[in-house]
There are 2 protein chains.
Amino acid sequence: MEAKEVLKQHIAKIASLTDDELSYVFSHFKPLSFKKGQSIITAGDMVDCEYFVLSGCLKSFFINDDLKMFILQFAMPTWWTSDFNALYNHTKATINVDCITDAEVLCISNSDREKLCNELHNVEHFFRWRTNKGYVAAQKRLLSFMNNNVKYRYEELLKLYPELYNIVPKNLIAAYLGVSRETLSRLYHA
Amino acid sequence: MEAKEVLKQHIAKIASLTDDELSYVFSHFKPLSFKKGQSIITAGDMVDCEYFVLSGCLKSFFINDDLKMFILQFAMPTWWTSDFNALYNHTKATINVDCITDAEVLCISNSDREKLCNELHNVEHFFRWRTNKGYVAAQKRLLSFMNNNVKYRYEELLKLYPELYNIVPKNLIAAYLGVSRETLSRLYHA
DNA sequence: GTACCTGTGTGACCTACATCACATTTGAAA
DNA sequence: TTTCAAATGTGATGTAGGTCACACAGGTAC
């Protein structure tokens, strides 16, 4: 399916835009292709855009002082990703985003999103809805973190996103769950 | 300060409404008073409203099968709280909200919020901004959870919200940090 | 083919935090 | 003023998960 059609169907679930409006909105997005392993956002840089995934799988992650990686989010097709903190507040990235597989994305700048939100009430409605979803998901994950052990969280993740099992290596799953790769391995093997 | 004025100044930071619009918006909020210890949302009930805190301090929390409590959020004046998952998805509450101190709040129903967002573009803009803030904060907390030990997270919390130290008992702080009250106590005493 | 690198399994040991039990303080209610 | 419940401190002990070390398998670059 064409990029424009993917975006259209994604937005249409929430907000109804005319074809003209959709074309206008779409004209603000820039299609980009990346290879497996390529970096999209690097901590320390300024962040100008957010990204809508068309194909492939991205990860957004934080690297701490001990060079340990923590994964905030895997981004599959029709998911949005960026360093939203840096993007909204015009500060330097503390989060990285890179490609777990080859990927195609649509990117839109912060200023273009704000312009579109301002010009088209429906677009603002869509983005409000989108962040609502993200907020609720983040709260759920936080609760699961406090309440459930690694095994439960691992199985919860795979139930929610079975496709991750085949695409994402276990060391990255561990970094998402916030445990060492050894512990994850021992859940089913040792 | 009067309730309407508090809400006005809170919204005005983000979206400019005329006095007439503000009065119209305000007319959809219902002022409520609660005593310390009173429950505002109970898990299992349907959730109809979200709450804007005028005075006092609320907590939103989850109780697991072992009756252990996990606090999602403390809500101080000008903060919003509810079980947003239940509210947006019209499902029963899994989260409770109650009063740590006597409290005054403004409450608005889900349908009235949606109506106002639909009628006034500026209001939708405000609520998009609000959720953005919440989303970014939730992600930060998640990262801190994975990356930092209890002592660090405790000091981070008190640096961000020093007023909590005097208002909120330590067992609730522990429930927010996701550790036992004993561990929190031992950080500085044992 | 050889060399290499990424991903994964696993043993030995360490540590942060949980749990249970009980003591002590404090503040509000009667 | 007395009483009681909530909040807090602290010792003893258990455990989930971390860390380090090493082994090995399967791609892939040369």
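In the text below, chain A, chain B and the rest are named by the order of the sequence lines, each starting its count at 1.
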Seminar exercise, completed: In whole angstroms, the gap separating P of dT10(C) from OH of Tyr188(A) amounts to 15 Å
Seminar exercise, completed: chain B vs DNA chain D, heavy-atom contacts under 4.0 Å, first-to-last nucleotide span, 5' to 3', is dA7(D) to dA12(D)
Seminar exercise, completed: Separation of dA16(C) atom P from Leu184(B) atom CG, nearest Å, is 16 Å
For this session: Search all heavy atoms of Ser27(B) against all heavy atoms of Tyr24(B) and return the closest pair with its distance.
Result: OG-O, 2.6 Å
Exercise. Would you say Asn149(B) reaches dA16(C)'s phosphate, i.e. side-chain N/O to OP1/OP2 under 4.0 Å?
Worked result: no
Exercise. Parallel, tilted or perpendicular: which fits the ring planes of Trp80(A) and Phe126(A), with parallel below 30° and perpendicular above 60°?
Worked result: tilted
Problem set entry | Value in whole Å for how far the P atom of dT25(C) lies from CG of Asn171(B) | 19 Å
Seminar exercise, completed: Pro169(A) has its side chain closest, among dA18(C), dT8(C), dC20(C), to dT8(C)
Exercise. What does Lys68(A) touch in the nucleic acid at a heavy-atom separation under 4.0 angstrom: a base, only the sugar-phosphate, or nothing?
Worked result: sugar-phosphate
Exercise. Would Thr81(A) and Lys59(A) count as having a side-chain donor-acceptor pair, cut-off 3.5 Å?
Worked result: no
Exercise. Is Ser180(B) near enough to dA18(C) that one of its side-chain N or O atoms lies under 4.0 angstrom from OP1 or OP2?
Worked result: yes
For this session: Please report, rounded to the nearest Å, how far the P atom of dA16(C) is from the NZ atom of Lys151(B).
Result: 12 Å
Seminar exercise, completed: Taken to the nearest whole Å, CZ/Arg181(A) to P/dT6(C) is 13 Å
Exercise. Mapping Thr183(B) and Thr183(A) onto DNA chain D by nearest heavy atom, which one lands closer to the 5' end?
Worked result: Thr183(B)
Exercise. Is a salt bridge present between Asp102(B) and Lys35(B), judged by a nitrogen-to-oxygen distance below 4.0 Å?
Worked result: yes
For this session: May I ask you to decide whether Lys92(B) forms a salt bridge with Asp83(B), counting only side-chain N to carboxylate O separations under 4.0 Å?
Result: no
Problem set entry | Helical bend (five base pairs per end, nearest 10°) for the helix from dG1(C)-dC30(D) to dA30(C)-dT1(D) | 40°
Exercise. Atom CD1 of Ile100(A) and atom P of dT6(C): how far apart are they, to the nearest Å?
Worked result: 16 Å
Problem set entry | NZ/NE/NH1/NH2 to OD/OE distance under 4.0 Å, Arg130(B) and Glu50(B) | yes
Exercise. Across the strands shown, which category fits Gly178(A) at heavy-atom distances under 4.0 angstrom: base, sugar-phosphate, nothing?
Worked result: sugar-phosphate
Exercise. Partners of Asn148(A) by side chain to side chain donor-acceptor pair (under 3.5 Å), sequence neighbours excluded?
Worked result: Ser144(A)
For this session: Using atom CG of Leu177(B) as one end and atom P of dA16(C) as the other, report the distance to the nearest whole Å.
Result: 17 Å
Exercise. Is any NZ, NE, NH1 or NH2 atom of the basic residue among Glu114(B) and Arg128(A) found under 4.0 Å from an Asp or Glu carboxylate oxygen of the other?
Worked result: yes
Problem set entry | Length of the line joining Glu182(A):CD and dG11(C):C1', which is rounded to integer Å | 11 Å
Exercise. When rounded to the nearest 0.5 angstrom, what distance separates CG in Leu116(A) from CG in Asn122(A)?
Worked result: 12.0 Å
